[in-house]
Amino acid sequence: MDRHLTRILLIEDDEEDYILLQKLLAKILATHYDVLWERTYEDGLVRMLAEEHDICMLDYMLGEHNGIDLLKAARRQGYTRPIILLTGASDGGEIDIQALQAGADDYITKGQMQGELLQRVIRYAIERKKAEIEREKLLSEQFAARELEKRRSEFISMVVHELKTPLTSLKGYAQLFRKRYVPGTNEQIARLAERMDSQVNKLTGLVDDFLDVTRITAGKLQFREEYFDFDVLVNEIIEELRPTTERHMICREGITGQTIWGDRMRIGQVITNFLSNAIKYAPETDRILVKTSFDSNVVTLSVQDFGPGVPEEERTNVFSPFYRLEDLRASTVSGLGLGLHIAAEIIRRQEGQIWLESEEGKGATFSFTLPIDRDHASVFDDEMDSIEQAT
Ligand SMILES: Nc1ncnc2c1ncn2[C@@H]1O[C@H](COP(=O)(O)OP(=O)(O)OP(=O)(O)O)[C@@H](O)[C@H]1O
Ligand SMILES: [Mg+2]
């Protein structure tokens with residue numbers, strides 16, 4: 001009956017007490033106790049560190065030594081088993097508190113020792129210790145995981161920062177080039193300068209997206225909110241993207257007539273991604289529809305294309321980070337698969353909804369709604385949230 005065997009290491013200089021303990025333990029039927037006995041501080045310490053027992057019972061008076069000193073020495077050397085201090089009736093004072101502070105799990109007065117109490121004290125001490133070790137293990141695992149995550153995001157921030165510095169200079173040079181070579185003076189160089197500028201913009205966009213995703217993971221995506229004219233923003237983005245496609249006609253349908261409260265740049269980022277996706281993933285088509293409307297304090301925008309669409313089973317996946325559909329499109333078209341993930345986070349943080357409707361082969365419609373006027377206190381809440389998440 002191994003299950004009920006408890007091995008006790010008793011460190012006790014008085015043989016009579018050893019015999020008394022043996023007798024008491026023998027009466028407990030539920031458990032079989034095996035008592036290893038040591039008489040001195042030195043032998044006791046060696047035996048403790050061998051750890052071939054489940055629990056240690058330790059006399060407060062060990063000849064010229066003090067049990068609490070032994071207790072401290074053992075704990076200092078990494079002893080993890082539960083310890084119960086045995087005190088005599090005359091020891092008195094604050095020994096119990098001292099014992100607990102030194103790392104004992106319990107104490108028992110020799111005069112009070114009787115079977116049932118003894119059994120309970122031993123069993124509890126063992127179980128408590130097990131739970132404590134389990135808890136510590138869990139905590140240290142959590143701590144290690146957090147440390148790792150912290151180091152990972154610090155590394156990514158560093159990489160992104162290192163990438164951004166030369167990019168910013170490149171962008172400056174490209175613009176300088178464009179200014180110098182006005183079309184008409186040297187057509188070829190002007191074209192090259194324009195291409196260089198647009199490639200630098202693309203790279204900057206990728207790096208920024210990457211940075212946004214690391215901020216989302218860290219709960220640190222920041223928002224700068226203001227009132228702005230929603231229709232003007234939509235038109236601006238359409239005009240910005242028109243020159244990037246020769247084939248598509250981008251048509252605007254509906255008008256909201258609304259001034260809304262939110263982060264203009266971030267919301268623009270969502271519309272840009274919807275539109276650039278339509279351009280990228282429906283390359284064989286001629287038309288892209290941008291519809292906007294206003295109803296019961298909510299503006300709705302949708303971008304509809306007439307390309308291959310998104311299969312049913314992929315519709316939620318496209319909003320996951322780094323997710324791209326596995327077919328030819330993905331390999332010939334550039335992108336990290338971050339745009340929709342960032343868009344979803346932006347719309348969520350701006351208290352709107354985002355979704356995709358699609359019929360395979362007939363196209364995709366990406367939409368979002370945004371409340372026109374939110375409780376501005378929530379701006380503060382968002383900041384509080386991100387501060388809390390960051391700490
Ligand atoms: N209009 C669309 N039609 C078909 N598939 C689409 C459409 N929009 C997105 N997808 C699919 O969803 C995936 C994720 O889109 P997402 O915008 O997140 O990333 P991406 O465009 O690949 O890269 P980027 O990070 O540059 O935006 C795309 O790779 C594509 O497979
Ligand atoms: Mg995209």
Side-chain angles (χ1 to χ4, degrees), residues 156 159-160 163-164 167 198-217 221 234 237-238 240-253 265-292 300-350 352-368:
I156 293 172
V159 170
V160 170
L163 287 172
K164 284 215 78 160
L167 258 180
S198 98
Q199 293 298 321
V200 169
N201 285 345
K202 217 176 196 172
L203 197 51
T204 309
L206 289 175
V207 172
D208 284 340
D209 279 358
F210 205 63
L211 194 61
D212 280 348
V213 170
T214 61
R215 284 185 183 136
I216 290 172
T217 330
L221 195 65
V234 177
I237 306 256
I238 293 174
E240 236 172 73
L241 285 172
R242 261 198 189 122
T244 68
T245 172
E246 280 159 15
R247 174 143 196 183
H248 301 95
M249 196 157 87
I250 305 174
C251 310
R252 167 102 198 255
E253 259 180 35
M265 197 208 69
R266 293 260 177 228
I267 294 166
Q269 198 180 341
V270 178
I271 306 170
T272 302
N273 186 54
F274 279 6
L275 258 177
S276 68
N277 281 352
I279 294 168
K280 283 199 289 190
Y281 301 110
E284 312 283 308
T285 65
D286 302 324
R287 210 158 51 102
I288 296 168
L289 274 180
V290 180
K291 290 188 206 162
T292 54
T300 305
L301 175 139
S302 43
V303 174
Q304 182 175 12
D305 68 58
F306 303 91
V310 179
E312 169 106 53
E313 65 279 9
E314 306 277 13
R315 272 174 220 164
T316 49
N317 292 339
V318 295
F319 294 101
S320 311
F322 301 107
Y323 195 87
R324 310 194 74 208
L325 296 190
E326 275 183 43
D327 58 17
L328 280 176
R329 279 173 286 154
S331 58
T332 52
V333 176
S334 79
L336 290 175
L338 294 177
L340 288 173
H341 174 63
I342 298 168
E345 178 65 10
I346 292 171
I347 297 300
R348 186 185 73 80
R349 292 279 300 274
Q350 301 276 289
Q353 312 262 323
I354 189 168
W355 71 96
L356 158 63
E357 290 154 290
S358 177
E359 199 176 325
E360 251 193 289
K362 295 202 171 154
T365 306
F366 284 88
S367 311
F368 68 73

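Order of listing sets the numbers, starting from 1, for every ligand and every atom in it. We use all heavy atoms of the structure for the numbers below, so side chains are in, but hydrogens, waters and symmetry mates are not.
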* **Minimum-distance pair of heavy atoms, taken over all atoms of Pro308 and Ala282** => CD-CA, 4.2 Å
* To do: Considering the heavy atoms of Tyr323, write down every atom of ligand 1 situated less than 4.0 Å from one of them.
  => 13 (C), 14 (C)
* To do: Answer yes or no for Gly337: is there a heavy-atom contact with ligand 1 below 4.0 Å?
  => yes
* Option nearest atom 3 (N) of ligand 1 (shortest heavy-atom distance, choices Phe210, Tyr281, Phe306) -> Tyr281
* To do: For ligand 1, find out whether one of its N or O atoms is nearer than 3.5 Å to an N or O atom of Leu336.
  => yes
* State which residues pass side-chain contact (heavy atoms from CB on, under 4.5 Å) with Thr316; sequence neighbours excluded, sorted by chain then number. => none
* Are Trp355 and Gln353 linked by a side-chain donor-acceptor pair shorter than 3.5 Å? -> no
* Number the atoms of ligand 1 from 1 as they appear, then name those within less than 4.0 Å of a heavy atom of Gly335, with their elements. => 23 (O), 26 (O)
* Asked: Do any nitrogen or oxygen atoms of His341 come within less than 3.5 Å of a nitrogen or oxygen of ligand 1?
  -> no
* For Asn277, take its heavy atoms, then give the atoms of ligand 1 lying under 4.0 Å from any of them. => 8 (N), 9 (C), 15 (O), 16 (P), 17 (O), 21 (O)
* Quick one: closest heavy-atom pair of Ser358 and Gly363, and the distance? => OG-O, 2.9 Å
* **ligand 1 versus Asn273: contacting region, heavy-atom distance under 4.0 Å** => side chain
* **Lys280: numbered ligand 1 atoms lying under 4.0 Å from its heavy atoms** => 20 (P), 21 (O), 23 (O), 26 (O)
* At a non-hydrogen distance cut-off of under 4.0 Å, which region of Phe366 contacts ligand 1 (side chain, backbone, both, or neither)? -> side chain
* To do: Flag the pair Asp305 and Arg287 as a salt bridge only when some basic side-chain nitrogen lies within less than 4.0 angstrom of an acidic carboxylate oxygen.
  => no
* Asked: Going by the side chain to side chain donor-acceptor pair (under 3.5 Å) test, which pairs reach into residues 337-348, not counting sequence neighbours?
  -> Glu345-Arg348
* **Any side-chain donor near an acceptor of the partner, Gln269 and Asp208, under 3.5 Å** => no
* Structure fact -> Sequence neighbours excluded, the answer for side-chain contact (heavy atoms from CB on, under 4.5 Å) partners of Glu314 is Val310, Pro311, Asn317, Tyr323, Leu325
* **Sub-4.0 Å atoms of ligand 1 with respect to non-hydrogen atoms of Gly309** => 4 (C)
* Asked: By number and element, which atoms of ligand 1 are closer than 4.0 Å to a non-hydrogen atom of Val310?
  -> 4 (C), 5 (N), 6 (C)
* Structure fact -> Of all heavy-atom pairs linking Gly339 and Asn273, the shortest is C-ND2, 3.1 Å
* Closest to atom 12 (O) of ligand 1 (judged by heavy-atom distance), picking from Asp209, Val318, Val213 -> Val318
* **2.8 Å cut-off (strict), protein N, O or S atoms about the Mg ion (ligand 2)** => 2
* **Working for side-chain contact (heavy atoms from CB on, under 4.5 Å), residues Ile156 and Phe210** => CA-CA 9 Å; Ile156 293 172; Phe210 205 63; 3.8 Å; yes
* Residue of the set Leu211, Ile346, Ile342, Leu338 for which side-chain contact (heavy atoms from CB on, under 4.5 Å) holds with Ile216 -> Ile342
* If you measure only the distance, is there a donor-acceptor pair under 3.5 Å linking the side chains of Thr285 and Arg247? -> no
* To do: Kindly identify the option in Ile288, Leu325, Leu340 whose heavy atom sits closest to atom 31 (O) of ligand 1.
  => Leu325
* **Ala364, any N or O under 3.5 Å of ligand 1 N or O** => no
* **Any Gly307 heavy atom less than 4.0 Å to ligand 1** => no
* To do: Classify the angle between the aromatic ring planes of Phe368 and Phe274 as parallel (below 30°), tilted (30 to 60°) or perpendicular (above 60°).
  => tilted
* side-chain contact (heavy atoms from CB on, under 4.5 Å) between Ile237 and Leu275, intermediate numbers included -> CA-CA 9 Å; Ile237 306 256; Leu275 258 177; 4.3 Å; yes
